[in-house]
Participant: 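Sending over a structure as structure tokens; questions will come in a sec.
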Amino acid sequence: MKKKRIILHIDMDYFFAQVEERENPHFRGKPVVVGADPKEGKGRGVVSTCNYEARKYGIRSGMPISRAYKLFPEAVFLPVNMHFYEKVSVSIFDIVRKNVGEVELVSLDEAYADITKKAGSYKKAEEIGERIRKMVFRKEKLTCTVGIGENKMMAKIACEEAKPNGIKTVKSTESLKFIEKMKVEKIPGIGPKTREVMEKHLGKKNLKIKDARKIKKEKLVDLFGKRGGDFYNKLRGVDKSSVETERDVKTVGKEHTFQEDTRDPQKITKTFKGLVFSVSKKVERESLSTKGVVVVCRFEDFETHTRQTSFPKGDYDSDFFYKKSVPLLLRFLTESNKKIRLVGFRVITGS
DNA sequence: TTTCCCTTCACGG
DNA sequence: CTAACGCCGTGAAGGGAAA
């Protein structure tokens, strides 16, 4: 007999843009878009985060910045100030930890906590959630949303439904019905491709969770491998994954998209060296042991390739990484005549 | 044979 | 008119090489 869990999920509302609003109060009420430089509509990047005013114009995160600019050129467009958001994130989750102990950080603005023992009941869990929300707002002047459920997936979906500046509990008895009318893509791990395969199999479009439940477990495993079994459970509100409070970093990397596609070896190697240097600094700062390097190359037609090589686990410097990786980079230039759009460098870390 | 390495793919914030 | 398209990170699959 295994005891039921109570999981809490916290997600900051439109995080980057909200931080910018807090720092510049005269932005409040205006559409704010944090992301790449729009450059009068010629920018190459995408929207990182935008506030709800910007969403009224159809602007969304992940959208090419050129399209966002077209939709509403008068919006406030701001660059991503990642170092600052990182600091804000640390203070927020310090507050959260004071309330619930260790948490699993999934990004700068999201975390899970297993509050089974601390709460004991959904009622108490919601009190804890409310206290966190009040404390975060009092100390950081930022709003967030909290979701509570019997597992990580249900907590996350509950949170999604309560946004922004809200809180929502889905009790274990309610899970099945709570999600049945939602699109399959509400299940974490099910994206456009997976949905398409499911739709093809059922011969039905605009698939809802209730529809996808008609696919037999064996069929899902057949279609999606071991993930199929997870999908079968998740479609029924079941998620056995635990809150992992100490996860190790597996890779550290950095990539760069050129202003214009290029084959100029000078330009490419210089940029690449910068990436290697910047990643090396982070590796040294965090005393990470590494065992491999990966070079990423995206060509003008968006085709993306990687080349990697491994070496004995240990502590290495920027020169070593460069020496190991630059031949891989040069192979891309010799083996193709296409122009290059992006280069990237990554190290693989090991305990 | 089993394990490791390399590469790609899908996904998510 | 249509296409437009970052920068991180994770996990899994599948094929081939190495042990």
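For clarity, every value in this text was computed on a predicted model and none was experimentally measured.
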Participant: Can you tell which of A:Asn81, A:Leu108, A:Asp109 makes a side chain to side chain contact (heavy atoms under 4.5 Å, CB included) with A:Phe16?
Facilitator: A:Leu108
Participant: End-to-end bend of the helix from B:dT1-C:dA19 to B:dG13-C:dC7 (five-pair axes, 10° rounding)?
Facilitator: 10°
Participant: Cation-pi check, A:Arg133 to A:Phe137: give yes when NZ or CZ is under 6.0 Å from the six-membered ring centre and within 45° of the ring axis, no otherwise.
Facilitator: no
Participant: Kindly point out which of C:dT2, C:dC8, C:dT10 is positioned nearest to the side chain of A:Lys254?
Facilitator: C:dC8
Participant: Report the residue (A:Phe224 or A:Val249) whose heavy-atom-nearest nucleotide on DNA chain C is the more 5′ of the two.
Facilitator: A:Val249
Participant: With a non-hydrogen cut-off below 4.0 angstrom, is A:Lys291 in contact with a base, only sugar-phosphate, or nothing?
Facilitator: nothing
Participant: Are A:Lys250 and C:dG11 close enough that a side-chain N or O sits under 4.0 Å from OP1 or OP2?
Facilitator: yes
Participant: Which sits closer to the 5' end of DNA chain C, A:Ser48 or A:Arg227, going by the nucleotide each is nearest to?
Facilitator: A:Ser48
Participant: When you measure from the side-chain N and O atoms of A:Thr251 to the phosphate of C:dT10, is any distance below 4.0 Å, counting only OP1 and OP2?
Facilitator: yes
Participant: Distance-only, no hydrogens or angles: does the A:Asp239 side chain make a donor-acceptor pair with backbone N or O of A:Asn151 under 3.5 Å?
Facilitator: no
Participant: Please determine whether a side-chain nitrogen of the Lys or Arg among A:Lys163 and A:Glu160 lies less than 4.0 Å from a carboxylate oxygen of the Asp or Glu.
Facilitator: yes
Participant: So what does A:Ile190 touch, heavy atoms closer than 4.0 Å: a base, only the sugar-phosphate, or nothing?
Facilitator: sugar-phosphate
Participant: At 4.0 Å (heavy atoms only), tell me whether A:Thr194 reaches a base, stays on the sugar-phosphate, or touches nothing.
Facilitator: sugar-phosphate
Participant: Reckon A:Leu342 touches a base, only the sugar-phosphate, or nothing at all at heavy-atom distances under 4.0 Å?
Facilitator: sugar-phosphate
Participant: What nucleic acid atoms does A:Arg346 come within less than 4.0 Å of, heavy atoms only: base, sugar-phosphate, or nothing?
Facilitator: nothing
Participant: Is there a donor-acceptor contact under 3.5 Å from the side chain of A:Thr304 to the main chain of A:Phe302?
Facilitator: yes
Participant: Mark yes or no for whether A:Thr349, through its side chain, and A:Val249, through its backbone, hold a donor-acceptor pair below 3.5 Å.
Facilitator: yes
Participant: Please identify the 5'-most and 3'-most nucleotides of DNA chain B with any atom under 4.0 angstrom from a heavy atom of chain A.
Facilitator: B:dC5 to B:dG13
Participant: Test salt bridge (Lys or Arg N to Asp or Glu O under 4.0 Å) on A:Arg28 and A:Glu21 and set out the steps.
Facilitator: CA-CA 6 Å; A:Arg28 283 197 185 273; A:Glu21 283 180 0; 3.4 Å; yes
Participant: Within 45 degrees of the ring normal and closer than 6.0 Å to the centroid, is that where the cationic atom of A:Lys273 sits relative to A:Tyr322?
Facilitator: yes
Participant: Cut-off 3.5 Å, side chains only: do A:Tyr85 and A:Glu20 have a donor facing an acceptor?
Facilitator: yes
